[in-house]
Amino acid sequence: MSASYILKRIALVFYTLFVVSVLVFGITQILPADAAVMMLGENATTEALDALRNQMGLNDPIWQQYLHWAGGVLQGDFGQSLRTGQPVGPALFSALGTSLTLAVFSLCFMLVIAVPIGVIAAVRRGKAADLVVGLISYIGVSLPEFVTATLAVALIADWWGILPPAGYIPLSEDFWGGLQRLVLPVLVVSVMMIAHVSRMVRSELVDVLHSDYIRAARLKGLRPRRVLLRHGLRNALLPTITIVALDVGYLLGGVIVVEEIFSIPGIGRALMTAIQARDLPVIQAGVMIMAATYSIVNFAADLMYAWLDKRIQYD
Amino acid sequence: MTVNRRAFLSSTAAALALLAASPKFALAQTTPERGGTLRVALDQAISVIHPLLTRVNPEYLATELLYSNLTRLTTKMEVEPDLATAWQSNDELTVWTFTLREGLKFHDGAPCTSEDVVATFEAILNPDVASSARNNVGPIEKIEAVDPVTLRFTLTEPYADLPAALAFNSARIIPASVARGDLNSLRSTANGTGPFKLVSYEPDRLMVVERNPDFYDPARPYLDRIELHVFPDLGAQTSSLLSGDIDLVATIGPNHYMRLDGQQGVNVLRAASGQFCNVNFGTDLPPFNDVRLRKALALTVDREAMVDFMTEGFGTKGNDTPINESYPFFAPVTQRERDIEAAKALLAEAGYPNGIEVELIASDRPALRSQLAVALKDMAKEAGITINVVTMPHATYLDQVWTKGSFYVGFYNMQPTPDAIFKLLFTSDAAWNETRWNNPKFDDLVKRARATTAVDERTKLYTEAQALMTEEVPSIIPAFFDVLGAKRDWVDGYEIHPRGSVYRLDFAWLTAASPTRKG
């Protein structure tokens, strides 16, 4: 992996973010809502609205507004929320932190479950264990989150009463209380990821286990466990990294339903609330933050891929 | 004459003050207990805690904890003292004098005097502040501080309801230094005279307040701490109440009410209210500038079915006027019943013998709006009126349709008085005259009613105003909704308020059966 590749890749990240910024700014301009009215409310006088429009630069040409906004973003100033009147940046980064907490716990839990059951299914291909894992993953992929979430709440919280049904407490505020409230959402978010990651691990491992170098390793007399873990799994996990990186994107933006049901103030929910309220600065900043996070995770995944598999040479 | 009324007003205030001091008078005869943390679930974010700019119920609740008004409304919709202990007016009802409590303090320890109240109302009345209270606090021309505890309001016209109007949800008293200084600071901080002090505030998740030891009533509040939790999913709200994780759900819909009713440890709460969903006509634009067409449509409505369909039976029939028996001075006018033949005849008279096709716009929040639209579509079909229902996001609706459209669905909380709801929506100069109905006779009736304190006279005038509305139908009001909520049985002293946007949590306490929570 050359330095020029890394530089090119970083340039690509910035280029992507630039395109996203133009798109999101353009799209939010055509949303049917007057930012000044959203901020001051329906009771505002025409004079007050005009004064605010001037102050916010809403009467300037769009390209000027874009430059002003982008300039602010580059300096870390995402503007003010039209809904709450508070700075957008701190609120959204806090929401991102919440989503990342959910994401990290879900990823760890998913990997702990998905990799072993994928391995078991591969090793015991065609046997009962493989069929059970296959069935579970089919169900997991097919069930939408609002169904699994409702089931989880009904069973675990309502019926057995062993966990609180909803709400979020930052771990820094109350670690055990916060952890308890993370269990259900983590379970729900993990179901779908476990389903497809375990299938990925299984099919990759089945391929790898039939390859020549595994046969060679076996013939060399290495112990089966060592062959499986050291030579098989390591290679089978490579494509899984890409899948996991894609899942991070899903975890940040796609778990809105889970955030809604469990009242988790994550970035998905922040963005949805902003869209409902036509809170343009929050929509713009939210999309940018998510796009940046997604690009960075994918960039990291590519680097890790290359680092793990020395045969891969980018230029 | 004035002596009597003055004496009456002052003594009412004093009697109510006594009642306020013993809040359990009207409830079960148990003694309030001190301490504990009450967890309340809200179905919407608390986007704004700026007390002059609040617009929705969760925000009203948040600022009610932190601030006080001059007056407040009991659950019987009567005016009782808050910061002001007594009030009186001149004969003409144009000059009102209010007396404040002695020794009031803001949360930061600074005294609260009549000067703060003056500055607050100057801010409220300043158009640039865009306070939602500006149109609701009455026709105030001038407000002066006579001495540190005496205030004088001079009005532009007689107004009997001023004490009730001052209880408006976004007319909370703030310090003069803020009112005349950085008003924007109220978006993230709070310094009021309310029963609780702000501890933390995250608009989309949680607001925490703690007991204000300097509250003017040394007995209240009983709770040490209140947490307002935002639960956008109504199912999660209900589950959390059932599991005991939440103590009180401020507002629920009929479905969740029925789920909770009869569950062990849970009390459902219900109050008949003047809250309604309506169908507005742009009375200045064709085709609805023709009263016959409006009336024809009103005649197609099966109000009994509307109550069942929209409120699951948790409501009362409407009669195309915004006041019902939950309001003072209400007297019923003849109930409009469904009459398809009469509707068809009116339609033909209006020039539509073969029916008419119209577009009805409903925003997506609350869902009741589209429910009403769909039900109306079905009911009107029989008379030959084809309604195409268009739903849209609430923000788009506010921007493009509200007060501008010619046929759309509205939704309103109960207001403190008939005058307040008429002046908010239906007089020619109404702040939110969404039907653009300009009827001088109606305006005159409302104006005359606000210029007298005689109950009989006011009832008579409001009855005439109602009859006029039923005749002219600027808006179809098919049903009123009860206000519904629920609590754990360890919460005591809490009564659901018919106004919908008033909570009075300083009267609530937790009994010994409540779970211990760290504060």
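Here is how names work: the chains are called A, B, and so on, in the same order as the sequence lines, proteins then strands, and each is numbered from 1. Remember, it's a predicted structure, so these values are computed and weren't measured experimentally.
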Review point. Looking at residues at least two apart in the chain, or sitting in another chain, which of them share a side-chain hydrogen bond (donor to acceptor under 3.5 Å, both in side chains) with A:Arg53?
Key: A:Asp34, A:Asp50
**Study point:** Residue pair A:Gln276 / B:Pro393, side-chain heavy-atom distance below 4.5 Å
**Key:** no
Review point. How many angstroms lie between CD1 in A:Ile264 and CG in B:Asp204, if you round to the nearest 0.5 Å?
Key: 13.5 Å
Study note, to complete from the structure: OH of A:Tyr168 to CD of B:Glu202, rounded to nearest 0.5 Å, is 9.5 Å
Check your understanding: How far apart are the closest heavy atoms of B:Phe231 and A:Ala166, and which atoms are they?
Key -> CE2-CB, 3.6 Å
Point to revise | All ring-ring contact (aromatic ring centres under 6.0 Å, His included) counterparts of B:Trp490, not counting sequence neighbours | key: none
Check your understanding: Among residues 178-192 of chain B, which ones touch chain A with a heavy-atom distance under 4.5 Å?
Key -> B:Arg187, B:Ser188
Check your understanding: Where does A:Glu260 contact chain B at under 4.5 Å (heavy atoms): side chain, backbone, both or neither?
Key -> both
Review point. Under 4.0 Å between a Lys/Arg side-chain N and an Asp/Glu carboxylate O for B:Asp233 and A:Arg269?
Key: no
**Study point:** chain A contact via B:Tyr201 - side chain, backbone, both or neither, heavy atoms under 4.5 Å
**Key:** side chain
Check your understanding: So which of A:Gly177, A:Ala154, A:Pro170, A:Ala270 has the largest heavy-atom pair count under 4.5 angstrom toward chain B?
Key -> A:Pro170
Check your understanding: Can you find a heavy atom in the side chain of A:Thr84 that is under 4.5 Å from one in the side chain of B:His50?
Key -> no
Point to revise | Top of B:Ala236, B:Pro232, B:Ser240, B:Gly244 for chain A proximity - count of heavy-atom pairs under 4.5 angstrom | key: B:Pro232
**Study point:** Inter-residue atom distance B:Ser47.OG - A:Leu82.CG, 0.5 Å rounding
**Key:** 11.5 Å
Practice item. For B:Gln44, enumerate each residue passing the side-chain hydrogen bond (donor to acceptor under 3.5 Å, both in side chains) test, keeping only those at least two apart in sequence or located in another chain. Key: none
Exercise for review: Examine the side chains of A:Ser263 and B:Arg205 and answer whether a donor and an acceptor come within less than 3.5 Å of each other.
Suggested key: no
Point to revise | chain A contact via B:Pro203 - which portion, at a heavy-atom distance below 4.5 Å | key: side chain
Check your understanding: Rounded to the nearest 0.5 Å, what separation is found between the CZ atom of A:Arg278 and the OG1 atom of B:Thr396?
Key -> 4.0 Å
Review point. What is the distance from atom OG of B:Ser239 to atom CZ of A:Phe262, rounded to the nearest 0.5 Å?
Key: 9.5 Å
